[in-house]
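In what follows, every chain begins at residue 1, and chains take the letters A, B, ... in the order their sequences are listed. Just so it is clear, the structure is predicted and the values come from calculations on it, not from any experiment.
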Number of protein chains: 2
Amino acid sequence: MGETAARSLRADAERSVRAILEAAERLLVEEPGASMEQIAAAAGVARTTIHRRFANRQALIEALASSAARQLAQAVEDGRPDTAPPLVAMHRITANVLQVKSAWAFALELPADPDSEAAVLQRDIAGRCITVLKRAQADKLIDEAADLDWVRRVYYALIRESLHGDADGADPDALAARIIDTLLHGAGPRA
Amino acid sequence: MGETAARSLRADAERSVRAILEAAERLLVEEPGASMEQIAAAAGVARTTIHRRFANRQALIEALASSAARQLAQAVEDGRPDTAPPLVAMHRITANVLQVKSAWAFALELPADPDSEAAVLQRDIAGRCITVLKRAQADKLIDEAADLDWVRRVYYALIRESLHGDADGADPDALAARIIDTLLHGAGPRA
DNA sequence: CTTATCTGAATCATACCTGTTGCAATTCGA
DNA sequence: TCGAATTGCAACAGGTATGATTCAGATAAG
């Protein structure tokens with residue numbers, strides 16, 4: 001259990017798994033120490049059912065991280081990082097990522113075991129991110145001497161900060177615009 | 001117990017309190033759920049001694065947060081935020097803060113109760129921060145239309161990111177320089 | 001419809017953490 | 001030096017989380 005993709009779960013079982021993962025995210029983001037009992041209750045499921053699907057707490061957490069990472073990767077992909085004009089791609093990706101991250105904040109902040117599926121996906125995503133930044137650099141949007149890894153980290157930090165501070169109601173596109181603008185120009189006076 | 005300043009603790013008792021707080025920071029930053037037993041062991045102290053000084057886990061955490069917040073406030077103050085030239089103050093404060101934050105990462109990331117001493121201090125510090133930014137704005141270092149609260153949040157995020165990613169060995173002044181540069185100019189091409 | 005699967009409920013055993021107390025030994029401080 | 005404060009140790013009580021097991025009933029699937 002707790003594997004990447006259980007082979008052909010019955011429909012109701014699959015529904016249970018989803019409910020459990022969503023409830024876990026909802027509770028753990030508020031209270032990282034929440035008990036399996038509480039998670040089960042929030043999922044509208046018996047505690048035994050969780051143990052049937054996930055061998056232990058650890059397995060549940062890992063499944064949560066994998067599931068969220070997969071959605072995040074999809075969000076990035078949907079922004080066409082390889083084909084869209086860099087600035088457009090950055091905007092779209094940022095807006096998409098903001099939405100996924102606001103829904104799976106706990107799972108995506110989790111310190112991942114380097115061998116886990118989640119970690120692999122996160123590395124893929126970081127690679128994609130660097131790719132986009134390189135394309136932006138080629139378009140003179142980013143200084144040619146810039147350290148792209150630092151730029152990527154700043155980008156991540158801006159996203160995180162946007163999520164922490166602003167009410168969920170805020171328009172993702174507006175937030176994305178502010179992030180990109182800050183990333184490229186900082187706070188200094190405009191030319 | 002667990003008060004802001006215990007009145008005249010005996011020398012050995014004060015040493016114990018310090019050892020406990022330092023051990024708590026050291027362990028909790030790695031494992032937020034570490035038991036009192038583990039903390040006591042790391043502090044070279046019996047578990048009962050912790051309970052003598054701090055009524056319960058909560059009280060220990062709050063004392064930890066207060067202690068760290070006080071040190072952070074001191075670090076900011078040492079940068080002369082009101083009198084030094086804005087750019088100098090920003091550099092000095094950033095370097096000082098980096099050092100304190102790397103030593104008390106757990107305590108300073110703690111979600112503080114709005115009424116706690118730590119929260120009050122954090123608000124004071126944020127105020128000081130805004131003050132410096134205003135002075136920088138008056139000196140044309142920051143765009144006159146900039147949202148200073150957002151700038152402050154970005155500044156915090158850059159500090160956090162610097163701490164997470166870079167080995168502790170890195171030179172605080174170099175990190176501070178990069179933070180300020182990124183805050184003011186972003187990643188875009190230089191004029 | 002019939003079967004294989006899934007679920008909830010009830011139990012059980014185990015382990016761990018927390019907070020308290022009593023006491024003897026040690027250490028600080030005046 | 002003498003008394004008070006502090007500490008370690010041991011033990012205890014109360015609580016809670018975890019995981020496993022069993023079984024009868026509900027539900028999806030072919």
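Looking at which nucleotide of DNA chain C each of Ala11(B) and Ala34(B) is closest to, the 5′-most match is held by Ala34(B). Along DNA chain D, the nucleotide closest to Asp12(B) and the one closest to Arg47(B) are compared, and the more 5′ of them pairs with Asp12(B). Two residues, Gly44(A) and Glu37(B), neighbour DNA chain C, and the one matched to the more 5' nucleotide by heavy-atom proximity is Gly44(A).
Not one side-chain nitrogen or oxygen of Thr49(A) sits closer than 4.0 Å to the OP1 or OP2 atom of dC6(C).
Distance, Ile50(A) CD1 to dC6(C) C1': 15 Å, rounded to whole Å. Going from atom CZ of Arg10(B) over to atom C1' of dG29(C) covers 8 Å, rounded to whole Å. With rounding to whole Å, Glu14(A) atom CD is found 16 Å from dT5(C) atom P. Between the P atom of dC16(C) and the CE atom of Met36(A) lies a distance of 17 Å, rounded to the nearest Å.
Both tests hold for Arg152(B) against Tyr156(B): distance to the six-membered ring centre under 6.0 Å, angle to the ring axis within 45°.
When each of dG8(C), dG19(D), dT7(D) is scored by its nearest atom to the side-chain atoms of Asn56(A), the top-ranked nucleotide is dG19(D).
Rounding to the nearest 0.5 Å gives a distance of 7.0 Å between CG of Leu183(B) and CG of Leu133(B).
Checked against side-chain hydrogen bond (donor to acceptor under 3.5 Å, both in side chains), Glu25(B) has no partners two or more places apart in sequence or in another chain.
Within 6.0 Å of CZ on Arg80(B) lie no more than 12 heavy atoms contributed by other residues, nucleotides or ligands.
Pairs passing the side chain to side chain donor-acceptor pair (under 3.5 Å) check and including a residue from residues 174-187 of chain A, sequence neighbours excluded, read Asp166(A)-Arg178(A), Asp181(A)-His185(A), Asp181(A)-Arg190(A), Thr182(A)-Trp150(B).
Rounded to 10 degrees, the angle between the two end axes of the helix from dC1(C)-dG30(D) to dA30(C)-dT1(D) is 50°, with five pairs used at each end.
Using a 4.0 Å heavy-atom distance criterion, Thr48(B) is classed as a base contact.
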